[in-house]
Amino acid sequence: MIRWCTAVAADLPQALSDRIFKANASLEVKKQDPTKTNVDDLPPIVLVHGIFGFGKGKFGSFSYFGGAEKKDERVLVPDLGSLTSTYDRARELFYYLKGGTVDYGEEHSKACGHSQFGRLYEQGHYPEWDEDHPIHIVGHSAGAQVARVLQQMLADKAFKGHENTSENWVLSITALSGAFNGTTRTYLDGMLPEDGRNMKPLCLLQLCRLGVIIYDWLDIPLLKAYYNFGFDHFNLSWRKVGLWGLVDCLLGNAGPWATGDWILPDLTIQGATKLNCDLQTFRNTFYFSYVTKRTRKFLGVTVPSGILSIHPMLFMRVLQMSLYRHPLDAPPPYKGYRDEDWLDNDGALNTISMTHPRLPIEHPSCPVTNDSECQPLQPGIWYYKIVEGDHILFILNRERAGVQFDLIYDGIFKRCRKHVFKKTQQTIPNQVDRE
(Lines give C-alpha, C1' and ligand atoms only; values in the text may rest on other atoms or scores of the structure.)
Protein backbone atom coordinates (compact mmCIF):
# COMPACT_ATOMS: atom_id res chain seq x y z
CA MET A 1 0.00 0.00 0.00
CA ILE A 2 2.80 2.43 0.89
CA ARG A 3 4.42 1.64 -2.45
CA TRP A 4 1.09 2.43 -4.12
CA CYS A 5 1.07 5.80 -2.35
CA THR A 6 4.63 6.43 -3.49
CA ALA A 7 3.73 5.48 -7.03
CA VAL A 8 0.87 7.97 -6.96
CA ALA A 9 3.12 10.69 -5.58
CA ALA A 10 5.77 9.94 -8.20
CA ASP A 11 3.28 10.41 -11.02
CA LEU A 12 1.73 13.65 -9.77
CA PRO A 13 4.49 16.04 -10.91
CA GLN A 14 4.52 14.46 -14.34
CA ALA A 15 0.75 14.62 -14.52
CA LEU A 16 0.90 18.30 -13.76
CA SER A 17 2.98 18.87 -16.86
CA ASP A 18 0.92 17.75 -19.18
CA ARG A 19 -26.59 2.00 -20.51
CA ILE A 20 -24.19 1.07 -22.85
CA PHE A 21 -25.45 -1.20 -25.60
CA LYS A 22 -28.73 -2.93 -26.29
CA ALA A 23 -31.55 -3.12 -23.75
CA ASN A 24 -34.44 -5.20 -22.57
CA ALA A 25 -38.06 -4.07 -22.38
CA SER A 26 -37.43 -1.24 -19.93
CA LEU A 27 -34.74 0.39 -22.05
CA GLU A 28 -34.63 2.01 -25.43
CA VAL A 29 -31.50 2.05 -27.55
CA LYS A 30 -30.99 5.24 -29.49
CA LYS A 31 -28.30 7.26 -31.12
CA GLN A 32 -27.93 10.94 -30.61
CA ASP A 33 -26.08 13.84 -32.07
CA PRO A 34 -23.97 14.96 -29.07
CA THR A 35 -23.40 18.36 -30.62
CA LYS A 36 -27.14 19.13 -30.54
CA THR A 37 -28.16 17.49 -27.29
CA ASN A 38 -28.95 19.61 -24.25
CA VAL A 39 -26.24 18.85 -21.71
CA ASP A 40 -28.75 18.98 -18.86
CA ASP A 41 -30.66 16.10 -20.49
CA LEU A 42 -27.69 13.75 -20.30
CA PRO A 43 -27.35 11.26 -17.43
CA PRO A 44 -24.22 12.24 -15.47
CA ILE A 45 -21.16 10.01 -15.64
CA VAL A 46 -19.83 9.66 -12.09
CA LEU A 47 -16.13 8.83 -11.73
CA VAL A 48 -15.40 7.11 -8.40
CA HIS A 49 -11.79 6.96 -7.23
CA GLY A 50 -10.09 4.06 -5.49
CA ILE A 51 -7.96 3.68 -2.39
CA PHE A 52 -5.81 6.72 -1.53
CA GLY A 53 -7.71 8.57 -4.24
CA PHE A 54 -9.29 12.01 -4.30
CA GLY A 55 -12.02 13.89 -6.09
CA LYS A 56 -12.42 17.26 -7.69
CA GLY A 57 -11.18 20.08 -5.49
CA LYS A 58 -8.59 18.02 -3.60
CA PHE A 59 -4.86 17.71 -4.17
CA GLY A 60 -4.67 21.10 -5.77
CA SER A 61 -5.30 21.04 -9.50
CA PHE A 62 -4.42 17.36 -9.96
CA SER A 63 -6.94 15.00 -11.50
CA TYR A 64 -7.13 11.45 -10.18
CA PHE A 65 -8.49 10.34 -13.54
CA GLY A 66 -5.79 12.12 -15.52
CA GLY A 67 -8.17 14.72 -16.91
CA ALA A 68 -10.55 12.15 -18.39
CA GLU A 69 -13.47 14.11 -16.93
CA LYS A 70 -12.82 16.81 -19.55
CA LYS A 71 -13.85 14.40 -22.31
CA ASP A 72 -17.55 14.91 -21.56
CA GLU A 73 -19.63 17.89 -20.56
CA ARG A 74 -21.48 16.17 -17.73
CA VAL A 75 -19.02 14.29 -15.55
CA LEU A 76 -18.95 14.33 -11.76
CA VAL A 77 -15.86 13.46 -9.71
CA PRO A 78 -16.82 13.10 -6.03
CA ASP A 79 -14.27 13.22 -3.23
CA LEU A 80 -14.98 10.24 -0.98
CA GLY A 81 -13.04 8.88 1.97
CA SER A 82 -9.79 7.51 0.59
CA LEU A 83 -9.39 4.86 3.29
CA THR A 84 -12.92 4.52 4.65
CA SER A 85 -14.90 1.32 4.21
CA THR A 86 -16.80 0.50 1.04
CA TYR A 87 -20.05 0.84 2.98
CA ASP A 88 -19.23 4.32 4.26
CA ARG A 89 -18.06 5.49 0.84
CA ALA A 90 -21.28 4.28 -0.80
CA ARG A 91 -23.33 6.25 1.74
CA GLU A 92 -21.23 9.35 1.07
CA LEU A 93 -21.68 8.99 -2.68
CA PHE A 94 -25.47 8.91 -2.34
CA TYR A 95 -25.63 12.20 -0.43
CA TYR A 96 -22.99 13.78 -2.65
CA LEU A 97 -25.40 13.26 -5.55
CA LYS A 98 -28.76 13.69 -3.87
CA GLY A 99 -27.86 16.29 -1.25
CA GLY A 100 -28.36 16.42 2.51
CA THR A 101 -26.38 15.27 5.54
CA VAL A 102 -24.55 11.97 5.11
CA ASP A 103 -26.35 9.36 7.21
CA TYR A 104 -24.24 6.27 7.83
CA GLY A 105 -27.14 4.51 9.50
CA GLU A 106 -27.80 4.17 13.22
CA GLU A 107 -27.09 0.45 13.55
CA HIS A 108 -23.90 0.55 11.50
CA SER A 109 -22.59 3.64 13.27
CA LYS A 110 -23.09 2.15 16.73
CA ALA A 111 -21.44 -1.11 15.73
CA CYS A 112 -18.44 0.68 14.22
CA GLY A 113 -18.02 3.36 16.86
CA HIS A 114 -18.45 6.53 14.84
CA SER A 115 -20.98 9.33 14.45
CA GLN A 116 -24.15 8.51 12.56
CA PHE A 117 -24.05 11.75 10.59
CA GLY A 118 -21.25 13.21 8.51
CA ARG A 119 -20.72 15.91 5.94
CA LEU A 120 -23.56 18.21 4.87
CA TYR A 121 -24.20 18.70 1.15
CA GLU A 122 -26.46 21.74 1.14
CA GLN A 123 -26.92 21.27 -2.60
CA GLY A 124 -26.62 17.85 -4.17
CA HIS A 125 -24.63 17.56 -7.38
CA TYR A 126 -27.58 15.77 -9.02
CA PRO A 127 -30.64 16.41 -6.80
CA GLU A 128 -33.11 15.25 -9.49
CA TRP A 129 -31.53 11.79 -9.41
CA ASP A 130 -34.18 9.06 -9.59
CA GLU A 131 -35.30 6.24 -11.88
CA ASP A 132 -36.25 8.70 -14.62
CA HIS A 133 -32.96 10.60 -14.21
CA PRO A 134 -30.38 7.84 -13.69
CA ILE A 135 -26.58 7.88 -13.73
CA HIS A 136 -23.62 5.99 -15.15
CA ILE A 137 -20.85 5.06 -12.70
CA VAL A 138 -17.21 4.45 -13.62
CA GLY A 139 -15.17 3.13 -10.71
CA HIS A 140 -11.44 2.60 -10.49
CA SER A 141 -10.11 -0.16 -8.23
CA ALA A 142 -12.05 -0.09 -4.93
CA GLY A 143 -14.37 2.48 -6.53
CA ALA A 144 -15.98 -0.32 -8.56
CA GLN A 145 -17.18 -2.05 -5.40
CA VAL A 146 -18.49 1.28 -4.09
CA ALA A 147 -20.67 1.48 -7.20
CA ARG A 148 -22.02 -2.04 -6.61
CA VAL A 149 -22.72 -1.43 -2.92
CA LEU A 150 -24.49 1.84 -3.72
CA GLN A 151 -26.70 0.15 -6.32
CA GLN A 152 -27.59 -2.59 -3.84
CA MET A 153 -28.46 0.04 -1.22
CA LEU A 154 -30.72 1.72 -3.76
CA ALA A 155 -32.44 -1.61 -4.46
CA ASP A 156 -32.83 -2.24 -0.73
CA LYS A 157 -34.24 1.26 -0.16
CA ALA A 158 -31.61 1.75 2.52
CA PHE A 159 -31.70 5.55 2.71
CA LYS A 160 -34.06 6.98 5.30
CA GLY A 161 -36.36 9.58 3.79
CA HIS A 162 -35.73 8.24 0.27
CA GLU A 163 -38.02 5.21 0.16
CA ASN A 164 -38.53 5.34 -3.61
CA THR A 165 -34.99 4.33 -4.59
CA SER A 166 -34.35 1.33 -6.84
CA GLU A 167 -31.49 -0.34 -8.67
CA ASN A 168 -32.71 1.35 -11.85
CA TRP A 169 -31.30 4.65 -10.64
CA VAL A 170 -28.06 3.29 -12.13
CA LEU A 171 -27.92 2.72 -15.89
CA SER A 172 -24.46 1.20 -16.12
CA ILE A 173 -21.38 0.39 -14.06
CA THR A 174 -17.97 0.38 -15.69
CA ALA A 175 -14.97 -0.89 -13.75
CA LEU A 176 -11.36 0.09 -14.35
CA SER A 177 -9.23 -2.51 -12.57
CA GLY A 178 -12.17 -3.23 -10.29
CA ALA A 179 -11.53 -4.89 -6.92
CA PHE A 180 -14.45 -7.33 -7.06
CA ASN A 181 -12.98 -10.36 -5.30
CA GLY A 182 -10.18 -9.00 -3.13
CA THR A 183 -6.43 -9.15 -3.64
CA THR A 184 -3.48 -11.13 -2.30
CA ARG A 185 -1.58 -7.86 -2.03
CA THR A 186 -3.42 -7.12 1.22
CA TYR A 187 -1.67 -10.11 2.83
CA LEU A 188 1.72 -8.99 1.52
CA ASP A 189 1.15 -5.57 3.06
CA GLY A 190 0.14 -6.92 6.44
CA MET A 191 -3.43 -8.27 6.62
CA LEU A 192 -3.59 -11.65 8.31
CA PRO A 193 -4.34 -14.38 5.73
CA GLU A 194 -6.01 -16.39 8.52
CA ASP A 195 -9.00 -14.06 8.80
CA GLY A 196 -8.55 -11.19 6.32
CA ARG A 197 -9.63 -8.70 8.98
CA ASN A 198 -6.78 -8.04 11.39
CA MET A 199 -3.21 -6.87 10.79
CA LYS A 200 0.15 -8.34 11.67
CA PRO A 201 1.86 -6.50 14.57
CA LEU A 202 4.70 -5.30 12.34
CA CYS A 203 3.91 -4.48 8.72
CA LEU A 204 3.53 -1.69 6.18
CA LEU A 205 -0.14 -1.26 7.02
CA GLN A 206 0.71 -0.61 10.67
CA LEU A 207 2.99 2.23 9.57
CA CYS A 208 0.20 3.56 7.41
CA ARG A 209 -2.24 3.34 10.34
CA LEU A 210 0.07 5.34 12.61
CA GLY A 211 0.56 8.03 9.98
CA VAL A 212 -3.18 8.41 9.35
CA ILE A 213 -3.98 8.58 13.07
CA ILE A 214 -1.45 11.37 13.65
CA TYR A 215 -2.59 13.23 10.51
CA ASP A 216 -6.23 13.16 11.62
CA TRP A 217 -5.43 13.90 15.26
CA LEU A 218 -3.43 17.01 14.36
CA ASP A 219 -6.46 18.13 12.32
CA ILE A 220 -4.69 20.97 10.50
CA PRO A 221 -7.42 22.69 8.41
CA LEU A 222 -5.09 23.62 5.55
CA LEU A 223 -3.87 20.04 5.17
CA LYS A 224 -7.36 18.53 5.55
CA ALA A 225 -8.66 20.86 2.84
CA TYR A 226 -5.88 19.64 0.56
CA TYR A 227 -6.31 15.93 1.31
CA ASN A 228 -8.57 14.00 3.66
CA PHE A 229 -8.50 10.29 4.47
CA GLY A 230 -12.22 10.49 5.26
CA PHE A 231 -12.32 9.56 8.96
CA ASP A 232 -13.91 12.77 10.23
CA HIS A 233 -16.97 10.85 11.47
CA PHE A 234 -14.67 8.92 13.82
CA ASN A 235 -13.85 12.18 15.61
CA LEU A 236 -10.10 11.55 15.83
CA SER A 237 -9.18 15.23 16.15
CA TRP A 238 -7.26 16.41 19.25
CA ARG A 239 -10.08 18.90 19.77
CA LYS A 240 -12.47 16.02 20.49
CA VAL A 241 -10.41 13.17 21.93
CA GLY A 242 -7.44 14.93 23.52
CA LEU A 243 -4.09 13.30 24.21
CA TRP A 244 -5.51 10.14 25.76
CA GLY A 245 -7.72 9.65 22.74
CA LEU A 246 -4.60 9.67 20.58
CA VAL A 247 -2.97 7.07 22.81
CA ASP A 248 -6.10 4.92 22.63
CA CYS A 249 -6.07 5.03 18.84
CA LEU A 250 -2.35 4.31 18.61
CA LEU A 251 -2.82 1.26 20.85
CA GLY A 252 -5.59 0.02 18.54
CA ASN A 253 -8.39 0.37 21.10
CA ALA A 254 -10.38 2.99 19.18
CA GLY A 255 -10.94 4.27 15.68
CA PRO A 256 -11.70 2.47 12.43
CA TRP A 257 -8.89 -0.05 12.95
CA ALA A 258 -10.43 -1.25 16.18
CA THR A 259 -13.77 -2.07 14.56
CA GLY A 260 -12.56 -2.98 11.07
CA ASP A 261 -14.57 -0.19 9.44
CA TRP A 262 -11.95 0.81 6.89
CA ILE A 263 -11.09 -0.18 3.34
CA LEU A 264 -8.40 -2.86 3.72
CA PRO A 265 -10.60 -5.59 5.26
CA ASP A 266 -12.94 -5.14 2.26
CA LEU A 267 -10.01 -5.75 -0.08
CA THR A 268 -8.95 -9.10 1.34
CA ILE A 269 -10.36 -12.15 -0.41
CA GLN A 270 -12.36 -13.06 2.70
CA GLY A 271 -13.69 -9.51 3.10
CA ALA A 272 -14.66 -9.20 -0.57
CA THR A 273 -16.40 -12.57 -0.44
CA LYS A 274 -18.43 -11.46 2.58
CA LEU A 275 -19.30 -8.18 0.88
CA ASN A 276 -20.34 -9.96 -2.32
CA CYS A 277 -22.80 -12.17 -0.43
CA ASP A 278 -25.24 -9.26 -0.33
CA LEU A 279 -24.57 -7.77 -3.79
CA GLN A 280 -26.55 -8.62 -6.91
CA THR A 281 -25.94 -8.18 -10.61
CA PHE A 282 -29.18 -6.55 -11.76
CA ARG A 283 -30.93 -7.57 -14.96
CA ASN A 284 -31.62 -4.02 -16.18
CA THR A 285 -28.11 -2.66 -15.64
CA PHE A 286 -25.18 -2.84 -18.06
CA TYR A 287 -21.79 -3.88 -16.73
CA PHE A 288 -18.36 -3.64 -18.30
CA SER A 289 -14.95 -4.27 -16.76
CA TYR A 290 -11.48 -3.34 -17.99
CA VAL A 291 -8.99 -5.79 -16.50
CA THR A 292 -5.35 -4.74 -16.22
CA LYS A 293 -2.50 -7.25 -16.29
CA ARG A 294 1.29 -6.95 -16.23
CA THR A 295 2.42 -10.57 -16.05
CA ARG A 296 3.16 -13.36 -18.50
CA LYS A 297 4.27 -16.97 -18.52
CA PHE A 298 7.98 -17.70 -18.99
CA LEU A 299 9.02 -21.36 -18.96
CA GLY A 300 5.85 -22.13 -17.05
CA VAL A 301 6.49 -19.46 -14.41
CA THR A 302 4.44 -16.28 -13.96
CA VAL A 303 6.73 -13.24 -14.14
CA PRO A 304 6.36 -9.47 -14.75
CA SER A 305 5.78 -8.77 -18.45
CA GLY A 306 8.56 -6.20 -18.68
CA ILE A 307 10.52 -3.62 -16.74
CA LEU A 308 9.98 -0.47 -18.78
CA SER A 309 6.25 -1.06 -19.22
CA ILE A 310 5.55 -1.21 -15.47
CA HIS A 311 5.63 1.80 -13.18
CA PRO A 312 8.94 1.65 -11.25
CA MET A 313 7.15 1.72 -7.90
CA LEU A 314 4.88 -1.18 -8.90
CA PHE A 315 7.40 -3.53 -10.52
CA MET A 316 8.41 -5.19 -7.25
CA ARG A 317 4.77 -5.48 -6.30
CA VAL A 318 3.96 -7.28 -9.56
CA LEU A 319 6.83 -9.65 -8.85
CA GLN A 320 5.80 -10.24 -5.24
CA MET A 321 2.21 -10.96 -6.16
CA SER A 322 3.26 -13.36 -8.93
CA LEU A 323 5.24 -15.31 -6.31
CA TYR A 324 2.63 -15.23 -3.53
CA ARG A 325 1.67 -18.50 -1.88
CA HIS A 326 -1.06 -18.73 0.72
CA PRO A 327 0.38 -20.00 4.05
CA LEU A 328 -0.11 -23.73 4.47
CA ASP A 329 -1.02 -23.29 8.14
CA ALA A 330 -3.81 -20.81 7.34
CA PRO A 331 -7.26 -21.88 6.14
CA PRO A 332 -7.85 -21.09 2.45
CA PRO A 333 -9.80 -17.86 1.86
CA TYR A 334 -12.52 -19.86 0.10
CA LYS A 335 -13.28 -23.44 -0.83
CA GLY A 336 -11.42 -24.37 -3.99
CA TYR A 337 -8.73 -21.68 -3.66
CA ARG A 338 -5.59 -22.34 -5.73
CA ASP A 339 -2.48 -20.16 -5.69
CA GLU A 340 -1.98 -20.52 -9.44
CA ASP A 341 -5.32 -18.83 -10.13
CA TRP A 342 -4.14 -15.67 -8.36
CA LEU A 343 -0.66 -15.17 -9.82
CA ASP A 344 -1.47 -12.86 -12.76
CA ASN A 345 -1.76 -9.28 -11.51
CA ASP A 346 -1.23 -5.57 -12.19
CA GLY A 347 0.81 -4.75 -9.09
CA ALA A 348 -2.20 -4.07 -6.86
CA LEU A 349 -4.98 -6.48 -7.86
CA ASN A 350 -5.05 -10.02 -9.18
CA THR A 351 -6.37 -10.43 -12.70
CA ILE A 352 -8.88 -13.07 -11.58
CA SER A 353 -10.38 -10.55 -9.16
CA MET A 354 -11.01 -7.84 -11.76
CA THR A 355 -13.04 -9.65 -14.41
CA HIS A 356 -16.39 -9.93 -12.61
CA PRO A 357 -17.85 -10.90 -9.22
CA ARG A 358 -17.07 -14.60 -8.73
CA LEU A 359 -17.03 -15.13 -4.97
CA PRO A 360 -18.92 -16.68 -3.24
CA ILE A 361 -20.93 -17.39 -6.41
CA GLU A 362 -20.02 -16.56 -9.98
CA HIS A 363 -22.09 -13.88 -11.69
CA PRO A 364 -22.92 -14.01 -15.43
CA SER A 365 -19.93 -12.87 -17.50
CA CYS A 366 -18.56 -12.75 -21.01
CA PRO A 367 -14.96 -12.11 -22.12
CA VAL A 368 -14.40 -9.52 -24.84
CA THR A 369 -11.44 -9.24 -27.19
CA ASN A 370 -12.74 -6.64 -29.62
CA ASP A 371 -15.72 -4.45 -28.75
CA SER A 372 -17.31 -5.16 -32.13
CA GLU A 373 -17.52 -8.87 -31.33
CA CYS A 374 -20.11 -8.49 -28.62
CA GLN A 375 -22.51 -5.88 -29.99
CA PRO A 376 -25.20 -5.54 -28.96
CA LEU A 377 -24.36 -6.12 -25.31
CA GLN A 378 -27.04 -7.34 -22.95
CA PRO A 379 -27.86 -6.07 -19.46
CA GLY A 380 -27.25 -8.24 -16.41
CA ILE A 381 -23.95 -9.61 -17.74
CA TRP A 382 -20.40 -8.61 -16.79
CA TYR A 383 -18.49 -8.07 -20.02
CA TYR A 384 -14.76 -7.87 -19.40
CA LYS A 385 -11.75 -7.02 -21.50
CA ILE A 386 -8.13 -7.71 -20.50
CA VAL A 387 -5.68 -4.93 -21.36
CA GLU A 388 -1.94 -4.75 -20.85
CA GLY A 389 -1.29 -2.23 -18.10
CA ASP A 390 -0.43 -1.83 -14.45
CA HIS A 391 -2.86 -0.66 -11.81
CA ILE A 392 -2.32 3.09 -12.28
CA LEU A 393 -1.94 3.21 -16.06
CA PHE A 394 -5.33 4.86 -16.60
CA ILE A 395 -5.22 7.36 -13.74
CA LEU A 396 -3.12 10.36 -12.73
CA ASN A 397 -0.85 10.60 -15.75
CA ARG A 398 -2.49 10.71 -19.14
CA GLU A 399 0.82 10.95 -21.00
CA ARG A 400 2.11 7.69 -19.56
CA ALA A 401 -0.76 5.66 -21.01
CA GLY A 402 -0.57 7.47 -24.34
CA VAL A 403 -3.13 6.52 -26.95
CA GLN A 404 -4.46 3.72 -24.73
CA PHE A 405 -5.77 6.34 -22.31
CA ASP A 406 -7.91 7.96 -24.99
CA LEU A 407 -9.08 4.65 -26.40
CA ILE A 408 -10.27 3.44 -23.00
CA TYR A 409 -12.06 6.59 -21.86
CA ASP A 410 -13.44 7.45 -25.30
CA GLY A 411 -14.90 3.94 -25.44
CA ILE A 412 -16.44 4.27 -21.98
CA PHE A 413 -17.99 7.67 -22.60
CA LYS A 414 -19.21 6.65 -26.05
CA ARG A 415 -21.12 3.73 -24.57
CA CYS A 416 -22.62 5.92 -21.89
CA ARG A 417 -23.62 8.68 -24.30
CA LYS A 418 -24.46 7.06 -27.59
CA HIS A 419 -26.81 4.26 -26.89
CA VAL A 420 -28.93 3.88 -23.79
CA PHE A 421 -31.69 6.03 -22.36
CA LYS A 422 -34.76 5.19 -20.30
CA LYS A 423 -38.04 5.21 -22.21
CA THR A 424 -39.55 7.38 -19.52
CA GLN A 425 -36.89 10.03 -19.94
CA GLN A 426 -37.32 13.08 -22.08
CA THR A 427 -36.88 12.52 -25.80
CA ILE A 428 -33.35 13.18 -26.95
CA PRO A 429 -33.38 15.53 -29.95
CA ASN A 430 -31.88 14.74 -33.35
CA GLN A 431 -32.14 10.99 -32.93
CA VAL A 432 -31.58 8.58 -35.78
CA ASP A 433 -33.06 5.12 -36.20
CA ARG A 434 -32.33 2.47 -33.61
CA GLU A 435 -29.59 0.00 -34.14
Side-chain angles (χ1 to χ4, degrees), residues 1-12 47-55 58-59 62-66 77-93 137-150 175-191 196-197 199 203-213 215-216 227-231 234 256-257 260-272 275 290 292 311 313-314 317-318 320-321 345-350 353-354 389-397:
M1 175 185 294
I2 290 179
R3 289 176 185 266
W4 149 238
C5 280
T6 310
V8 170
D11 259 352
L12 289 178
L47 304 183
V48 182
H49 64 75
I51 186 171
F52 283 111
F54 49 92
K58 296 291 184 179
F59 239 97
F62 291 119
S63 166
Y64 180 86
F65 288 92
V77 190
D79 182 61
L80 309 177
S82 64
L83 285 179
T84 49
S85 66
T86 306
Y87 175 96
D88 286 359
R89 296 182 71 204
R91 304 292 293 190
E92 293 163 7
L93 180 55
I137 306 180
V138 179
H140 174 254
S141 191
Q145 282 290 70
V146 172
R148 297 187 64 223
V149 171
L150 174 60
L176 284 170
S177 310
F180 298 126
N181 305 286
T183 171
T184 56
R185 178 170 173 173
T186 56
Y187 311 124
L188 291 166
D189 286 345
M191 298 300 290
R197 177 180 173 85
M199 288 184 287
C203 61
L204 289 175
L205 291 179
Q206 289 285 8
L207 291 176
C208 173
R209 180 182 72 90
L210 296 178
V212 173
I213 289 174
Y215 185 93
D216 269 30
Y227 187 83
N228 195 334
F229 291 106
F231 292 124
F234 278 91
W257 301 273
D261 191 31
W262 66 302
I263 190 61
L264 260 296
D266 291 341
L267 294 179
T268 64
I269 299 175
Q270 297 96 323
L275 194 65
Y290 290 94
T292 42
H311 193 287
M313 303 308 299
L314 287 178
R317 304 303 287 175
V318 173
Q320 285 179 314
M321 292 179 69
N345 69 90
D346 66 358
L349 295 178
N350 310 87
S353 178
M354 293 182 270
D390 58 45
H391 195 67
I392 60 175
L393 184 64
F394 299 113
I395 61 171
L396 297 175
N397 187 358

Any donor-acceptor N or O pair under 3.5 Å, side chains H311, R317: no
Check: V48 and V138 side chains under 4.5 Å, non-hydrogen atoms: no
Partners passing side chain to side chain donor-acceptor pair (under 3.5 Å) against S177 (at least two apart in sequence or in another chain): T292
Evaluation steps, side-chain contact (heavy atoms from CB on, under 4.5 Å), between M321 and T183: CA-CA 9 Å; M321 292 179 69; T183 171; 3.5 Å; yes
Residue of the set Q270, R148, Q145 for which side-chain contact (heavy atoms from CB on, under 4.5 Å) holds with L275: Q145
For D216, side chain to side chain donor-acceptor pair (under 3.5 Å) partners two or more places apart: none
Ring pair (Phe, Tyr, Trp, His ring centres under 6.0 Å) evaluation trace for Y227 with F229: CA-CA 7 Å; Y227 187 83; F229 291 106; 5.2 Å; yes
Working for ring pair (Phe, Tyr, Trp, His ring centres under 6.0 Å), residues W257 and F231: CA-CA 11 Å; W257 301 273; F231 292 124; 5.3 Å; yes
Verdict with supporting geometry, M191 and L267, side-chain contact (heavy atoms from CB on, under 4.5 Å): CA-CA 10 Å; M191 298 300 290; L267 294 179; over 6 Å; no
Pairwise side-chain contact, T84 with P256, heavy-atom cut-off 4.5 Å (strictly under): no
Heavy-atom side-chain proximity of H140 to Y64 below 4.5 angstrom: yes
Residues in salt bridge (Lys or Arg N to Asp or Glu O under 4.0 Å) contact with D261, at least two apart in sequence or another chain: none
